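Just dropping this structure here.
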Amino acid sequence: MAAPFKNIAITGANGSVGKVVLKALLDAGNFNITVLRRNNSSSTFPDSVKVVDVDFDSVDSLTAALAGQDVVVSTVGSEGLNNEQKKLVDAAVAAGVKRFLPSEYGCDLSNELAAKLPVFAHKIEVEKYLEEKAKTTPLTYTYVYSGPFLDWGLQYDFIFKSTGSKPDLYDGGDTAFSTSTLETVAQAVVAILSKPEETKNRAVRFQSVVTTQNQLLKLAKEIEPERVWQPQAVKLDDITRVADERLAKGLYDIQTFAPYILRAVNDSRYSPTFKNLDNELLGLKQLTEAELKEIVKASLNN
Ligand SMILES: NC(=O)c1ccc[n+]([C@@H]2O[C@H](COP(=O)([O-])OP(=O)(O)OC[C@H]3O[C@@H](n4cnc5c(N)ncnc54)[C@H](OP(=O)(O)O)[C@@H]3O)[C@@H](O)[C@H]2O)c1
């Protein structure tokens with residue numbers, strides 16, 4: 001059995017995902033963690049965390065920072081998804097890093113339709129880059145496919161609009177999709193690092209639960225029957241058509257990209273319900289309906 005990884009470098013560790021992953025890695029207690037922070041970053045970390053400031057444009061700077069590391073866990077946000085991550089991969093190869101987890105944490109990009117969505121172009125490019133490196137160097141990779149975040153997605157009105165009383169229901173709201181809490185994502189990362197062989201050069205897929213927008217609406221109605229819920233029917237074709245038009249105008253922002261993610265989550269042709277789950281391998285429990293209801297309740301109270 002391959003020894004678990006020990007020396008872990010994490011980038012983007014102050015972001016929505018990075019913060020939770022960093023805490024889980026620290027709490028696990030068996031890793032030596034180094035945070036790679038951009039030179040000009042305003043991110044702050046507790047004094048107990050080892051932080052190295054790096055120039056993400058310089059492979060040399062990144063290579064020096066990665067000396068002695070076994071793993072790079074990338075949780076960089078959208079702006080760092082392409083060039084910065086490719087440079088990080090080059091640096092990981094140069095420094096002799098064994099495993100690279102690119103910043104994924106979402107849809108199953110092995111689905112051919114999902115892989116063609118413009119919003120995922122940079123992630124796909126990095127995946128291809130890693131796969132090439134894995135053929136010719138000792139670097140290996142793991143892709144973390146969690147589905148859309150459950151707690152985060154409710155908090156930010158993404159998978160279901162929990163503020164107000166007019167949630168959008170995409171194409172009827174009955175498409176089942178895998179979704180994970182941020183804590184499940186973080187626990188998955190910890191488990192991957194403890195199982196190097198089983199998670200080598202492949203995607204892991206897991207979920208906290210499978211749900212639908214209509215199930216979330218049903219739970220919301222049970223929790224707050226006094227709110228006059230008026231769901232709004234929205235066609236995915238309509239919102240992605242607008243996104244296509246924005247893209248053609250060169251508008252690369254969240255307004256353009258969000259509809260494509262909503263398509264991947266709410267259209268069954270995009271494999272939003274994961275098959276061949278790795279929950280058991282990674283020791284990740286799934287939520288009961290009562291636990292799901294508690295998470296919905298917390299989002300309604302926000
Ligand atoms: N499944 C879902 O529902 C879902 C939701 C949100 C995000 N995600 C995914 O999760 C991943 C992380 O997203 P996030 O929202 O957590 O990120 P974020 O909060 O926007 O950013 C995370 C960190 O990335 C670093 N960063 C920003 N620009 C960079 C650049 N140009 N080069 C290098 N580093 C840069 C910064 O760290 P420093 O300043 O410390 O260097 C920043 O704090 C992404 O792949 C995203 O697509 C998935």
Side-chain angles (χ1 to χ4, degrees), residues 1-56 58-77 80 84-105 126 130 133-134 137-144 146 182-202 204 206 278 281-284:
M1 202 178 85
F5 296 124
K6 191 85 189 145
N7 298 331
I8 318 295
I10 174 167
T11 66
N14 197 39
S16 318
V17 179
K19 231 180 236 175
V20 189
V21 170
L22 174 63
K23 182 175 182 307
L25 289 170
L26 291 168
D27 288 350
N30 52 339
F31 301 115
N32 302 319
I33 317 286
T34 304
V35 168
L36 303 193
R37 175 173 62 184
R38 289 172 301 163
N39 272 338
N40 55 350
S41 171
S42 55
S43 296
T44 55
F45 299 93
D47 288 346
S48 55
V49 177
K50 184 178 169 200
V51 180
V52 178
D53 288 318
V54 275
D55 176 0
F56 271 79
S58 157
V59 176
D60 288 345
S61 168
L62 289 165
T63 304
L66 291 178
Q69 298 296 332
D70 297 323
V71 179
V72 172
V73 177
S74 173
T75 62
V76 293
E84 284 80 355
Q85 281 207 116
K86 279 186 176 170
K87 284 183 181 151
L88 202 54
V89 171
D90 288 339
V93 169
V97 167
K98 297 171 187 141
R99 178 69 50 90
F100 197 105
L101 276 58
S103 191
E104 292 278 352
Y105 319 107
V126 171
L130 270 169
K133 295 292 176 195
T137 77
L139 186 68
T140 61
Y141 60 85
T142 308
Y143 304 148
V144 181
S146 56
L182 278 168
E183 185 53 33
T184 300
V185 174
Q187 291 309 326
V189 172
V190 170
I192 288 165
L193 303 186
S194 309
K195 297 188 184 269
E197 207 45 47
E198 298 89 329
T199 58
K200 180 177 163 185
N201 291 342
R202 72 178 187 91
V204 297
F206 56 86
D278 289 300
L281 171 72
L282 303 175
L284 304 171

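For the numbers below, each heavy atom of this structure counts, side chains included, while hydrogens, waters and symmetry mates do not. All values reported here derive from a predicted model rather than from experimental measurement.
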Check: residues 85-92 side-chain donor-acceptor pairs under 3.5 Å, at least two apart:
residue, atom, partner, partner atom, Å
Q85, OE1, S74, OG, 2.7
Q85, OE1, S103, N, 2.9
Q85, NE2, L81, O, 2.9
K86, NZ, E125, OE2, 2.9
K87, NZ, D57, O, 3.4
D90, OD1, Y129, OH, 2.6
D90, OD2, Y129, OH, 3.1

_side-chain contact (heavy atoms from CB on, under 4.5 Å) against A28, all qualifying residues, sequence neighbours excluded_ =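 A28 satisfies side-chain contact (heavy atoms from CB on, under 4.5 Å) with N30, F31, V190 once adjacent residues are dropped.
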_Check: N201 and Y141 side chains under 4.5 Å, non-hydrogen atoms_ =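 SC-SC contact between Y141 and N201 confirmed.
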*For the side-chain contact (heavy atoms from CB on, under 4.5 Å) test, which of V73, V54, V76 pairs with L36?*
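The single option meeting the side-chain contact (heavy atoms from CB on, under 4.5 Å) with L36 is V54.
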*When rounded to the nearest 0.5 angstrom, what is the spacing between CG in L193 and CG in N7?*
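Between atom CG of L193 and atom CG of N7 there are 11.5 Å.
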*Could you list the residues that satisfy side-chain hydrogen bond (donor to acceptor under 3.5 Å, both in side chains) with S58, not counting sequence neighbours?*
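S58 satisfies side-chain hydrogen bond (donor to acceptor under 3.5 Å, both in side chains) with no residue once adjacent residues are dropped.
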*Give, for atom CD of Q187 and atom OG1 of T184, the distance between the pair rounded to the nearest 0.5 Å.*
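Rounded to the nearest 0.5 Å, the CD-OG1 separation comes out at 8.0 Å.
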*asked:* Check this for me, if you would: do D278 and K195 make a salt bridge, where the nitrogen-to-carboxylate-oxygen distance has to be below 4.0 angstrom?
replied: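 Looking at D278 and K195, the cut-off is not met.
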*Between atom CD1 of I33 and atom NZ of K6, what is the distance when rounded to the nearest 0.5 Å?*
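Rounded to the nearest 0.5 Å, the CD1-NZ separation comes out at 9.5 Å.
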*Are F100 and V93 close enough that some pair of their side-chain heavy atoms sits under 4.5 Å apart?*
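No, side chains not in contact.
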*Looking at residues at least two apart in the chain, or sitting in another chain, which of them share a ring pair (Phe, Tyr, Trp, His ring centres under 6.0 Å) with F56?*
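So F56 forms no ring pair (Phe, Tyr, Trp, His ring centres under 6.0 Å) with any residue.
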*For K200, what residues pass the salt bridge (charged side-chain N to carboxylate O under 4.0 Å, His left out) criterion, not counting sequence neighbours?*
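K200 satisfies salt bridge (charged side-chain N to carboxylate O under 4.0 Å, His left out) with E197 once adjacent residues are dropped.
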*Identify the heavy atoms of A191 and L282 that sit nearest to each other, and give their distance.*
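Of all heavy-atom pairs spanning A191 and L282, the closest is CB-O, 3.4 Å.
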*Might you confirm whether atom CG of N40 has over 12 heavy atoms from other residues, nucleotides or ligands at distances under 6.0 Å?*
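More than 12 heavy atoms, drawn from other residues, nucleotides or ligands, come within 6.0 Å of this atom.
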*Mark yes or no for whether T142, through its side chain, and T199, through its backbone, hold a donor-acceptor pair below 3.5 Å.*
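Checked: pair present.
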_Quick check against the 3.5 Å criterion: does S194 have a side-chain atom that pairs as donor or acceptor with the backbone of P4?_
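Absent.
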*Counterpart residues, side-chain hydrogen bond (donor to acceptor under 3.5 Å, both in side chains), relative to T140 (two or more places apart)*: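 For T140 the side-chain hydrogen bond (donor to acceptor under 3.5 Å, both in side chains) partners, ignoring immediate neighbours, are R99.
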*asked:* Distance check, rounded to the nearest 0.5 Å: K133 atom NZ versus L139 atom CG?
replied: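 The CG atom of L139 is 9.5 Å from NZ of K133, to the nearest 0.5 Å.
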*Residues in side-chain hydrogen bond (donor to acceptor under 3.5 Å, both in side chains) with D55, at least two apart?*
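Partners of D55 by the side-chain hydrogen bond (donor to acceptor under 3.5 Å, both in side chains) criterion come out as none, since no residue qualifies.
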_Under the ring pair (Phe, Tyr, Trp, His ring centres under 6.0 Å) test, residues paired with F5 that sit two or more places apart_ =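 Applying ring pair (Phe, Tyr, Trp, His ring centres under 6.0 Å) to F5 gives none.
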*Could you grab the distance from atom CD of E104 to atom OG of S146, nearest 0.5 Å is fine?*
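Going from CD on E104 over to OG on S146, the span is 9.5 Å.
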_For K98, give me all partners under salt bridge (charged side-chain N to carboxylate O under 4.0 Å, His left out), at least two apart in sequence or on another chain._
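K98 satisfies salt bridge (charged side-chain N to carboxylate O under 4.0 Å, His left out) with D70 only.
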*With Q69, which residues qualify under side-chain hydrogen bond (donor to acceptor under 3.5 Å, both in side chains), at least two apart?*
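Residues passing side-chain hydrogen bond (donor to acceptor under 3.5 Å, both in side chains) with Q69: T34.
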_Residues which pass salt bridge (charged side-chain N to carboxylate O under 4.0 Å, His left out) with D53, listed by chain and number, not counting sequence neighbours_ =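 D53: salt bridge (charged side-chain N to carboxylate O under 4.0 Å, His left out) contacts with R37.
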Side-chain donor/acceptor pairs under 3.5 Å, residues 17-25, sequence neighbours excluded:
residue, atom, partner, partner atom, Å
K23, NZ, D27, OD2, 2.6

